[in-house]
Amino acid sequence: MGASSGPRLSGIQKQVLSLYREFLRVARSKSGEDRHQIESIVSAEFRHNSNEIDCKNFIYIEYLLRRGKKQLEQLKSPDIVGLSYLNVGSSQPKKT
């Protein structure tokens with residue numbers, strides 16, 4: 001029996017989904033209000049990137065994965081209670 005009947009995911013797609021799920025797991029370890037703030041920011045950031053980044057721009061996606069992993073490691077610290085969102089504008093071309 002197969003695990004899913006949907007389309008097969010590429011390696012980079014699996015990494016992105018894994019990072020997203022890990023952010024949500026870490027968010028569960030935070031207090032209620034902080035948890036909701038983290039989940040909201042993570043969801044918005046991933047959704048924004050999925051809509052704005054060209055799926056063939058592997059170098060930029062890999063950069064975002066590395067940046068996300070660093071942010072995740074920081075968030076795992078018990079001293080960190082939340083995330084902040086900084087919108088500095090994207091120099092990446094929009095998805096066509």
Those residues at least two apart in sequence (or on a different chain) that pass side-chain contact (heavy atoms from CB on, under 4.5 Å) with K14 are L9
Contacts of S10 meeting side-chain contact (heavy atoms from CB on, under 4.5 Å) (sequence neighbours excluded), chain-then-number -> I12, Q13
Who are the side chain to side chain donor-acceptor pair (under 3.5 Å) partners of Q74, not counting sequence neighbours?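 Side chain to side chain donor-acceptor pair (under 3.5 Å) list for Q74, sorted by chain: empty.
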message = Please enumerate all residues that pass side chain to side chain donor-acceptor pair (under 3.5 Å) together with Q71, with sequence neighbours excluded.
response =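 Applying side chain to side chain donor-acceptor pair (under 3.5 Å) to Q71 gives none.
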For residues F58 and L17: do they belong to one hydrophobic cluster (side chain heavy atoms under 4.5 Å, members Ile, Leu, Val, Met, Phe, Trp, Tyr)?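 Hydrophobic grouping puts F58 apart from L17.
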Quiz item: H48 versus I53: any side-chain heavy-atom pair under 4.5 Å?
Solution: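 A side-chain contact under 4.5 Å is absent here.
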- Task: Of all the heavy-atom pairs spanning A27 and E39, show the shortest one and how long it is.
- Result: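 Closest approach of A27 to E39, heavy atoms only: CB-CG, 3.9 Å.
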Evaluation steps, side-chain contact (heavy atoms from CB on, under 4.5 Å), between Q15 and K69: CA-CA 10 Å; Q15 289 177 48; K69 288 175 185 176; 4.2 Å; yes
Looking at [atom1] of [X] and [atom2] of [Y], how far apart are the two atoms once the value is rounded to the nearest 0.5 Å?
X	Y	atom1	atom2	answer
I38	F23	CD1	CZ	9.5 Å
K70	L72	NZ	CG	13.0 Å
L19	R66	CG	CZ	12.5 Å

By salt bridge (charged side-chain N to carboxylate O under 4.0 Å, His left out), E22 pairs with (sequence neighbours left out) R25, K76
Residue set satisfying ring-ring contact (aromatic ring centres under 6.0 Å, His included) with F46, at least two apart, ordered chain then number -> Y20
Item to check | Heavy-atom donor-acceptor pair, S29 side chain to V26 backbone, under 3.5 Å | outcome: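 Indeed, once roles are kept as given, a pair shorter than 3.5 Å links the two residues.
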* Could E52 and R47 be called an ion pair, given the rule that one side-chain N must be under 4.0 Å from one carboxylate O? -> no
